[in-house]
Amino acid sequence: MLPPYIVEPYEDFTIPENRAAMEAALKKVESELGREYPLIIGGKEITTKDKITSYNPSDTSQVIGYVSKADEKLAEQAMQAALAAFEDWKRVPWEVRARYLIAIAHKMRQRKMELAAWMVWEEGKSWIEAIADTAEAIDFHEFYAREAIRLAGVAGTHETTPFPDEQNELYYIPLGAGVAIPPWNFPLAIMSGITIAPVVAGNSVVLKPASAAPVIAAKYMEICRECDIPPGVINYLPGPGSSVGDYLVKHPKTRFIVFTGSMEVGLSINEEAAKLAKGQIWIKRVILEMGGKDFMAIDGDCDLDVAAQSIVQAAFGFQGQKCSAGSRAIVHKKVYDEVLDRCVKLTKKLKVGNTVEYGVHNGGVIDEAAFEKTLSYIEIGKKEGRLMVGGKKLKGAKGYQIENTIFADIKPKARLAQEEIFGPVVAFIKARNFNHIIEIANNTIYGLTGALVTNNRKHLEIARQELHCGNLYFNRKCTGALVDVQPFGGFNMSGTDSKAGGRDYLLLFCQGKSVAEKFI
Ligand code: NAD
């Protein structure tokens, strides 16, 4: 019997022992930078000539590792390996599969600082963001293991309405071999979460990690193999999304695709997956979690400290590179100037640099494309609003650091208020009244996260109904969802609302089989 699931705590780095442990982990990782990592197909290591080079975005002279790069031929091999492994894995009982997850979580916990340190190096995450990512990965394993056990207990005997002279049962069985395509921004949590959920439900997976974060995925594979995940159940296949990812999406034997990433790529996957390939005998199940233009809404009567701190944390945590990042601050005119002023002051205190160093809040954005994109939106912002702080690349930076940037007086329909930037830029939008706040908040194509800060109980109740997003928060920031505390997934163009880390999630990777025996 497993103890109840509890959320993995974050280490407090103001405590000297924790700080020392993280420093030691960062040093250990530093001594391992620049190594090579093979593909893992059917349990075999395959090294290719062509490599993906992973850099530290805060100092691009630092190479994190060289990872073998798959092509379509290797993608075919990986799919065949997954198909072969599925035949045995689907028969492994739910509770046995669940134990693999507990074992993986246990090993991740033992190496928590080290895994976090890899993300500081490979992604420019601050220490606390890297710990949060690691903790979330552990949580996904602990939680889905318990969910699998729950489904095992109930799934064989899901209640159905009794019928005379018959025994009726409903079972949940896995789908088959599928493809997991994660983004780079939660390179351990989302990557491992969307891989292990189908696996615990009895499916096999080809994991195509994001090219900006392949080393942390290799570390996760290392742990899965240490825990004896059978060969072919998870195949590690780094490679270009546009060729390898696309090949797997179109493959006739692909039974499901679980994707998290941008709206553009998500929609194209949806389209390609809908086309019937030669020899295909099922409708591919497609689970898409995509972008956001999330909001911090601030009412006329509210706690101004909570408002300002939440806006700044939600906008600039991990350089604004979260799908849940609060890139719009929609503020009631009564408190607009005051909140803006407080946010500017708080933002100026955030240190931008190389996050390997203790106390640095922001590192570089992930790559050159993100750097150029963010700077181009800053130019747009200068035309659409008033630059209050930031607005340029960090002087003397060795990577892709951009100053945390606030624009005031952005119109609700301006590009800065509508388009996902995925960088450290927040648009302040002035609202006439509470109804106007709601109207502005709901007025994008997305619907992922949002928050309202208010002291008004009536407004809280109206907002509960009217604010249309998958994850809504009151009197706190709109980032930082915890597994099974706030199951996560968005509305509209933010995705299929799959609610990762929630109690319906594993069923997305199953099909229900109803069996009736009539006693004659
Ligand atoms: P992306 O769409 O560029 O890439 C995501 C993944 O898709 C990568 O592994 C990439 O290699 C792969 N890919 C690219 N083209 C492909 C194709 N044609 N076929 C198959 N696979 C392909 O996204 P990203 O830059 O890695 O991540 C950032 C985006 O992810 C943002 O829009 C962010 O909002 C979103 N995101 C959403 C959530 C959520 O839960 N809703 C969580 C994290 C990130």
Side-chain angles (χ1 to χ4, degrees), residues 52 57 67 69-70 72 75 123 133 136 140 178-191 193-195 206-214 216-217 236-251 254 257-273 284 286-294 317-327 365-371 373-374 419-423 444-449 469-471 478-481 483 486-502 505:
I52 297 169
V67 177
K69 194 198 245 178
E72 292 183 3
E123 289 258 315
D133 197 319
E136 189 179 356
F140 278 134
V179 186
I181 307 180
W184 52 265
N185 71 329
F186 282 87
L188 186 58
I190 294 182
M191 180 277 302
I194 68 172
T195 300
V206 178
L207 161 64
K208 195 220 75 63
S211 298
I216 183 69
Y236 169 73
L237 196 82
S242 53
S243 56
V244 168
D246 187 60
Y247 182 83
L248 293 166
V249 165
K250 290 178 177 160
H251 200 287
T254 294
I257 298 144
V258 52
F259 165 87
T260 304
S262 63
M263 177 185 75
E264 292 73 16
V265 174
L267 292 179
S268 82
I269 287 176
N270 199 37
E271 196 177 334
E272 292 305 329
K284 290 174 188 169
V286 181
I287 297 141
L288 305 169
E289 290 308 318
M290 314 193 297
K293 191 71 195 174
D294 311 305
F318 188 32
Q319 294 81 268
Q321 301 174 116
K322 299 183 188 181
C323 51
S324 55
S327 55
V365 296
I366 194 69
D367 57 19
E368 197 177 346
F371 182 71
K373 179 180 173 188
T374 307
E419 296 170 18
E420 187 182 51
I421 302 172
F422 225 56
T444 76
I445 57 171
Y446 296 106
L448 187 47
T449 80
C469 56
N471 285 71
C478 62
T479 52
V483 170
Q486 295 102 8
F488 194 80
F491 299 163
N492 296 347
M493 283 298 166
S494 291
T496 49
D497 188 40
S498 62
K499 287 295 181 275
Y505 195 65

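Indexing begins at 1, ligand by ligand and atom by atom, following the structure's order.
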Inset, instruction - Classify the contact between I190 and ligand 1 as side chain, backbone, both or neither, using a heavy-atom distance cut-off of under 4.0 Å. - result: side chain

Inset, instruction - Tell me which one of M290, Q321, K322 gets a heavy atom nearest to atom 37 (C) of ligand 1. - result: M290

Inset, instruction - Look at atom 1 (P) of ligand 1 and find which of A369, S262, A500 reaches it with the closest heavy atom. - result: S262

Inset, instruction - Check each heavy atom of L448 against ligand 1 and say whether those closer than 4.0 Å belong to the side chain, the backbone, both or neither. - result: side chain

Inset, instruction - Please confirm whether K208 comes within less than 3.5 Å of ligand 1 when only nitrogen or oxygen atoms on both sides are compared. - result: yes

Legend entry - Closest approach of any protein heavy atom to atom 27 (O) of ligand 1, naming residue and atom: P183 CB, 3.3 Å

Legend entry - For atom 19 (N) of ligand 1, the option (of G241, P182, G193) bearing the nearest heavy atom: G241

Legend entry - Partner set under side chain to side chain contact (heavy atoms under 4.5 Å, CB included) for P183, not counting sequence neighbours: N185, I190, T260

Legend entry - Sub-4.0 Å protein heavy atom near atom 34 (O) of ligand 1: yes

Legend entry - ligand 1 contact by F488, heavy-atom criterion under 4.0 angstrom: yes

Inset, instruction - Tell me which protein heavy atom sits closest to atom 44 (C) of ligand 1, plus the residue, atom name and distance to 0.1 Å. - result: N185 OD1, 3.3 Å

Legend entry - Contacts of N492 that satisfy side chain to side chain contact (heavy atoms under 4.5 Å, CB included) - sequence neighbours left out: H468

Legend entry - Residue, atom name and distance, where the atom is the protein heavy atom closest to atom 39 (C) of ligand 1: C323 SG, 3.5 Å

Legend entry - CA sep, side-chain torsions, deciding dist, call: L448, F488, side chain to side chain contact (heavy atoms under 4.5 Å, CB included): CA-CA 9 Å; L448 187 47; F488 194 80; 3.9 Å; yes

Inset, instruction - Please check if the side chain of T496 supplies one atom and the backbone of I287 the other of a donor-acceptor pair under 3.5 Å. - result: no

